[in-house]
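Scroll down for the structure; my scribbles are underneath it.
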Amino acid sequence: MTAFNALLMRDIRLTMRAGGGALMGALFFLIVVTLVPFALGPDLALLGRIGPSILWLGALLASLLALDRLFTSDFEDGSLDVLLTGSLPLELAVTAKALAHWLTTGLPLVIVAPVLGLLLNIEGGAMDAVALTLLAGTPALTFIGLIGAALSVTLRRGGLLLAVLVMPLTVPVLIFGVSATNAAVSGPVPFGPPFTILCALSLMSLVIGPFAAATALRQGLE
Amino acid sequence: MSLGPHADFIVAAYAVALAVVIGLVAWVVLDYSEQRRVLGDLEERGARRRSRRQ
Amino acid sequence: MALIDLANPTRFLDLVRRVLPWLIAATVIAFAIGLTMAMNAPDDYQQGATVKIMFLHVPAAWLAMLCWALMSVAALGTLVWRHPLADVAGKAAAPIGAALTFTCLVTGSLWGRPMWGTYWVWDARLTSVLVLFLLYLGVLALYWTAEDPNRGARAAAVLVLVGAINLPIIKFSVDWWNTLHQGESIFRAGGPEIDPTILRPLFAMALAFLLLFVTLHLAAMRNEILRRRVRTMQMMQAQTA
């Protein structure tokens, strides 16, 4: 596991040092959430009702758009070739990279979400539910996005292509994330079932994501 | 055969399906003649396929 | 003829040349029969004559899903067995599948307007088909952006397989999210619920669509093989020139 940890720490350090990487996702999240009232009008009752959905959409966009360069810099400086030929299985290597990405991008989103909830007039109890579902759901977004990142680096394309490929696959996560939150806020469905399914989706993507991404890299870069 | 009060929608649906099928057939046919043309040009200019190379 | 023999493109092209005229004839006949049966089908007591849209909508939906299944098999062929024909089969199927999904969406929408009063409702099945359409467009986008066809084929194969795993999950979650559509009414325990007078033309049209799909797919595969041949010849010419 030492190689895994080393890669994890390297990626975290790189993101923290290079241009405040961790803050950029949270900043993007803040801006998306700030724009929504300008589009919808400052009606606090309305914002309170749809606030959880806005936070989920913002988190989805922030974590997917930040994935764009996950493999690109490694590809450019050649360290991706080292990963491909190294002793650590490629599936574990991409898992380490995705985990580092989630710790530096996904986790900050979960932490700032309650603060942004205040702007959207979400009450305390609902805010806990949003934060909890984001904590359970953002890993799924990162690991699904991992596939798109691997595909776009093999084709030397990035940006919108990644979002186009990955976003249809995130539909289930969005559905269960938002419905678990709404269940906690207004019912009538209990919070348990959708939240458990959301956790299941995260665990599934934890398996599928690394395998698919490793296959894409192996097939695309040989 | 009467199509009832919603005849417009039924005709429109069949028209769309027909347009899509015609589009697909046109794509396949035009693509085929284009590839044959380019292939003929190349062979005329003496290009050989890999498998026929001496 | 074994599958491995078809790996030789020339042999495959021979086969296509022999089979294609028969397939075209069969498709035309099947459509003639299917459309006649569809026109003579009785109206539904609730939906009136609009039930005729179903003869397009449902076969298009079936074929759109079958096409993804075929692409998944082709994707396995590309990634696992490196069968040269698998790349070609996958790439030729994607635009046809997208067109069928589009047909399903548009006819569904035109059916929904008189039945539900709007062109679009966010009901479970329409939404799943919309997501399927987006996935098809994603695969097409991969093929379009790839400079090297082999690399594009492998990338698309990965996406197709991930999509194949995800489609049942998407279907399940969208069902969970909203169910307004009528329930599953053809394939269910206890036999079909639809009257045989409607069901028979439906299956005739489904067969016609299937034949159309096979014909178009084989023809598109032939085009793709020729396109690759052109590409290699151009590259060789560039090398010798």
Side-chain angles (χ1 to χ4, degrees), chain B, chain C residues 8-10 24 31 35 38-41 43 47-57 59-60 92 95-96 99-100 102-115 119 209 212-213 215-220 222-237 240:
Chain B
M1 179 183 71
S2 98
L3 290 177
H6 304 299
D8 294 353
F9 293 102
I10 301 169
V11 173
Y14 276 81
V16 168
L18 185 70
V20 169
V21 171
I22 289 177
L24 281 173
V25 171
W27 166 62
V28 164
V29 171
L30 293 179
D31 195 18
Y32 182 62
S33 57
E34 167 75 11
Q35 300 306 327
R36 287 311 288 253
R37 191 183 59 74
V38 178
L39 212 56
D41 280 2
L42 280 167
E43 268 163 10
E44 222 167 80
R45 276 186 285 154
R48 282 275 174 274
R49 279 178 42 215
R50 206 171 6 191
S51 50
R52 296 219 191 108
R53 194 163 42 175
Q54 298 305 312
Chain C
N8 181 340
T10 313
I24 292 171
F31 265 107
L35 285 171
M39 289 305 129
N40 293 325
D43 290 353
Q47 313 210 5
T50 55
V51 77
K52 291 198 184 344
I53 297 178
M54 185 180 77
F55 301 133
L56 298 172
H57 175 72
I96 306 174
L100 285 167
F102 176 77
T103 313
C104 177
L105 283 173
V106 174
T107 53
S109 160
L110 284 167
W111 196 5
R113 174 71 190 161
M115 287 302 105
Y119 283 107
F209 268 87
L212 176 74
F213 174 77
T215 312
L216 284 172
H217 187 228
L218 281 181
R222 176 174 67 178
N223 292 348
E224 190 55 35
I225 290 173
L226 292 181
R227 196 186 340 272
R228 286 179 189 207
R229 201 168 269 186
V230 165
R231 195 181 134 87
T232 32
M233 280 167 73
Q234 280 169 339
M235 281 165 81
M236 280 172 53
Q237 218 176 27
T240 51

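Below, chains carry the letters A, B, ... as their sequence lines are ordered, and counting in each starts from 1. Note that the structure is predicted; figures quoted are calculated from it, not measured.
Contact record, C:P59 with C:M54: CD-O, 3.4 Å, taken as the closest heavy-atom pair.
The line from CG of C:N223 to CZ of C:R227 is 6.5 Å long, rounded to the nearest 0.5 Å.
Residue C:A60: no heavy atom, backbone or side chain, is found under 4.5 Å from chain B.
With sequence neighbours left out, C:F31 forms a ring pair (Phe, Tyr, Trp, His ring centres under 6.0 Å) with C:F209.
Considering only heavy-atom pairs separated by less than 4.5 Å from chain C, the leading option among B:E34, B:R36, B:Q35 is B:Q35. When each of C:L212, C:L35, C:L226 is checked for heavy-atom pairs under 4.5 Å with chain B, C:L226 comes out on top. If you tally non-hydrogen atom pairs under 4.5 Å between each of C:T215, C:T103, C:V106, C:L216 and chain B, the highest count goes to C:L216.
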Please set out all donor-acceptor pairs under 3.5 angstrom arising from side-chain atoms of residues 9-24 of chain B, sequence neighbours excluded.
residue: B:Y14; atom: OH; partner: C:K52; partner atom: O; Å: 2.8

